[in-house]
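Here's the structure, in structure tokens; my notes come after.
Any value given below was found using the heavy atoms of this structure, including those in side chains, with hydrogens, waters and symmetry copies removed. Both counts, for ligands and for their atoms, begin at 1 and track the order of listing.
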Amino acid sequence: MRRMREFGTTVFATMTKLAVETGSINLGQGFPDTDGPERMLERAAEAVRGGLNQYPPGPGLPELCQAVAEHRKQWYGLSYDPDGEILVTVGATEAIAAAVLALCEPGDEVIVFEPYYDSYAAAVALAGAVRRAVTLRVDAGRFTFDPAELKAAVTPRTRAILVNSPHNPTGTVFTRGELECVARVCREHDLVAVTDEVYEHLAFDGVEHVPLATLPGMRERTIMISSAGKTFSVTGWKTGWVCAPAPLTGAVRTVKQFLTYTASAPWQAATAYALREEMDWVEAQRVSLQAKRDRLIAGLEEAGFGVLRPAGTYFVQTDIRPLGFTDGLDLARRLPELAGVVAIPTQVFYDHPDRGRHFLRFAFCKRDEVIDEAVTRLRRLS
Ligand SMILES: *Cc1c(COP(=O)(O)O)cnc(C)c1O
């Protein structure tokens, strides 16, 4: 169909394939190369062996819905009824797609911040909706938006704003002030906020992740999305969840039940366990990731890149111009041959690719020796 033609193969699949074919170190796709908490893995295996292998309830295993509700309350002071306000999905990706499909009539508009996570554009297209990109620009070493541009992006057809913080691919964690600006626009124009918070526990340097739903007047209009993948280093489990007022959760559930019906049962049981018992592991992981970030940043700076220090996520943005390059897509294609490393060209996440042409994204969620070897190779560039 015409509206999906621009999407083809995702850049992550293309670059991961390139890494495998060329034997390059893959700092492209954001998946960790170590496992999640041991006890959680055992819990999943026990669930399989213990017979938790048939369709779980559509909204999710009750024990996971309950554990999500407890987690929201404990971390953010937000109350969600596990029976009706929480929905388990096949990763955050399905949650985002189902939310957009549930909210938008053809021709409705969805505001996204660019560079955006690539599935947003596809989800909006699937719904027959139109995306309006507000550009995140570098100011004082971090990516942020101009409130006037956000306001100007709203039209009578705007239905929702997709907000991702901590933000992939820039590593920005929106401040309370930035979120207040988003919240004001949502309240003034009666918009729904769809928040992608998959990196909620991966903010660094004492920076606080503030869920948009905690701001005044926002819980009632926010579809809050999280996932076990990034929090517990199990990106292959594809276990996510939606928290929202019952009418919104119900609308998302109506779509979700005909996309996948339910999410896999064993991972749900293990995730319920982990949300209750493994948050100390998550904190240790966050500390370790922060050190990996610093390790990669130091190496990239030595190699000659301009580095934008991220406050969260798995990723660091680099400016390739100090090395004499101008086009990130071109460099990303040649990087395996030039240095034996794969990275992601940030420009593919823009509706205005010129604005991101000189950025390359590197992932630091890798073992220290992998980061060190990548840095050694990248020094060949200068
Ligand atoms: C990884 C990622 C996702 C996908 O999460 P799944 O749970 O694997 O579907 C969604 N949004 C962002 C910003 C991500 O980085």
contact_flag G229 ligand 1 heavy-atom lt 4.0 Å: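 Checking ligand 1 against G229, which is what was asked, there is no heavy-atom contact under 4.0 Å.
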4.0 Å heavy-atom contact, Y199 with ligand 1: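 Contact present.
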Whether Q268 side chain and A263 backbone form a donor-acceptor pair below 3.5 Å: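 Yes, because the side chain of Q268 sits within donor-acceptor range (under 3.5 Å) of the backbone of A263.
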Exam field: side chain T135 to backbone E114, donor-acceptor pair closer than 3.5 Å: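 Between the backbone of E114 and the side chain of T135 there is no qualifying donor-acceptor contact (under 3.5 Å).
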Per-atom contacts of ligand 1 with [X], taking only distances under 4.0 Å to non-hydrogen atoms:
X: N164; answer: 13 (C)
X: K238; answer: 6 (P), 8 (O), 9 (O)
X: G91; answer: 6 (P), 7 (O), 9 (O)

Option among T231, L61, T239 that satisfies the side-chain contact (heavy atoms from CB on, under 4.5 Å) test with T271: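 Of T231, L61, T239, side-chain contact (heavy atoms from CB on, under 4.5 Å) with T271 is met by T239 alone.
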Polar atom proximity, N168 to ligand 1 (N or O, under 3.5 Å):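 Yes, at least one N or O pair falls under 3.5 Å.
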Location of contacts on T93 toward ligand 1, heavy atoms closer than 4.0 Å: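 Under 4.0 Å from ligand 1, T93 contributes backbone and side-chain atoms.
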Ligand 1-proximal atoms of A92, by part, heavy-atom distance under 4.0 Å: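 The part of A92 near ligand 1 is both the backbone and the side chain.
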Residue pair F204 / R286, side-chain heavy-atom distance below 4.5 Å: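 F204 vs R286: side chains touch.
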Identity and separation of the nearest protein heavy atom to [atom]:
atom: atom 7 (O) of ligand 1; value: S227 OG, 2.6 Å
atom: atom 11 (N) of ligand 1; value: D196 OD2, 2.5 Å
atom: atom 1 (C) of ligand 1; value: K230 NZ, 1.4 Å

Ring geometry between Y76 and H201 (parallel below 30°, tilted from 30 to 60°, perpendicular above 60°):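 Answer is parallel, since the angle falls under 30°.
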Mutual orientation of the aromatic rings belonging to F349 and F12 [parallel < 30°, tilted 30-60°, perpendicular > 60°]: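 It falls in the parallel class, under 30°.
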Working for side chain to side chain donor-acceptor pair (under 3.5 Å), residues Q347 and R357: CA-CA 5 Å; Q347 64 187 266; R357 196 157 315 276; 3.0 Å; yes
Salt bridge E337-R334, side-chain N to carboxylate O under 4.0 Å: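 Not counted as a salt bridge, because no side-chain N and carboxylate O are separated by less than 4.0 Å.
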